[in-house]
Amino acid sequence: DDGTLKLDENGEPIATYTNDDILDFARLWTGFDGQVYRGNIEVYGTGFTNAVDPSQIKPDWRDGLPKAKLDSGYLGDQYPLCHQLPSHHWLKEGATYHFTGESSVEGEEMDAEASP
């Protein structure tokens, strides 16, 4: 666990991960696409690449199957499924709200509905 190389009984290094592990982890990064070009950013070179804004996630491009962890099991193991959570758990005593900004990703229509 401290980064020291682990050896087998013949003194050969033990592989940390395999190509199958790499393929499994690559599935985590499906569904991302670059943002469209917009004004107000500097573009160098010949392309119109928007390297400023975060990638957008396209749900239809995502790999929806479970993702294996390196040791064993799957990512998200030990977390409850949505249907296993208590009813209206976000309204329970002690629940917290985190303000994340003046506008939402849903757009102006949703922001107007939420305004006092």
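Counting from 1, the numbers follow the sequence of the chain as shown. Reckoned from all heavy atoms, side chains included, excluding hydrogens, waters and symmetry mates. For clarity, every value in this text was computed on a predicted model and none was experimentally measured.
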(message) Same cluster or not: L23 versus L28, using hydrophobic residues (I, L, V, M, F, W, Y) connected whenever any side-chain heavy atoms lie under 4.5 Å apart?
(response) no

(message) Rounded to the nearest 0.5 Å, what separates atom CG in L5 from atom CD in E12?
(response) 10.0 Å

(request) First locate atom CG of L65, then atom OH of Y74, and finally report the distance between them rounded to the nearest 0.5 Å. (result) 10.0 Å

(message) Donor-acceptor pair, distance only, cut-off 3.5 Å: does the side chain of Q56 make one with the backbone of G34?
(response) yes

(request) Could you tell me the separation between the NZ atom of K67 and the CG atom of L75, rounded to the nearest 0.5 Å? (result) 8.5 Å

(request) State plainly whether one hydrophobic cluster holds both W29 and I57, where clusters connect Ile, Leu, Val, Met, Phe, Trp and Tyr through side-chain heavy atoms under 4.5 angstrom apart. (result) yes

(message) Within the supplied structure, the quantity of interest is the number of heavy atoms (other residues, nucleotides, ligands) at a distance under 6.0 Å from D33 CG; does it exceed 12?
(response) yes

(message) Heavy-atom count check: over 12 atoms from other residues, nucleotides or ligands less than 6.0 Å from N10 CG?
(response) yes

(request) Could you please spell out the steps behind the side chain to side chain contact (heavy atoms under 4.5 Å, CB included) verdict for R62 and F32? (result) CA-CA 8 Å; R62 299 283 297 165; F32 290 97; 3.5 Å; yes

(request) Indicate whether the side chain of D2 and that of T4 have a donor and an acceptor atom separated by less than 3.5 Å. (result) yes

(message) Measuring from atom CG of L70 to atom OG1 of T18, what distance do you get when rounded to the nearest 0.5 angstrom?
(response) 8.5 Å

(request) Specify the closest pair of heavy atoms between P86 and K92, including all atoms of both residues, with the distance to one decimal. (result) CB-CE, 4.4 Å

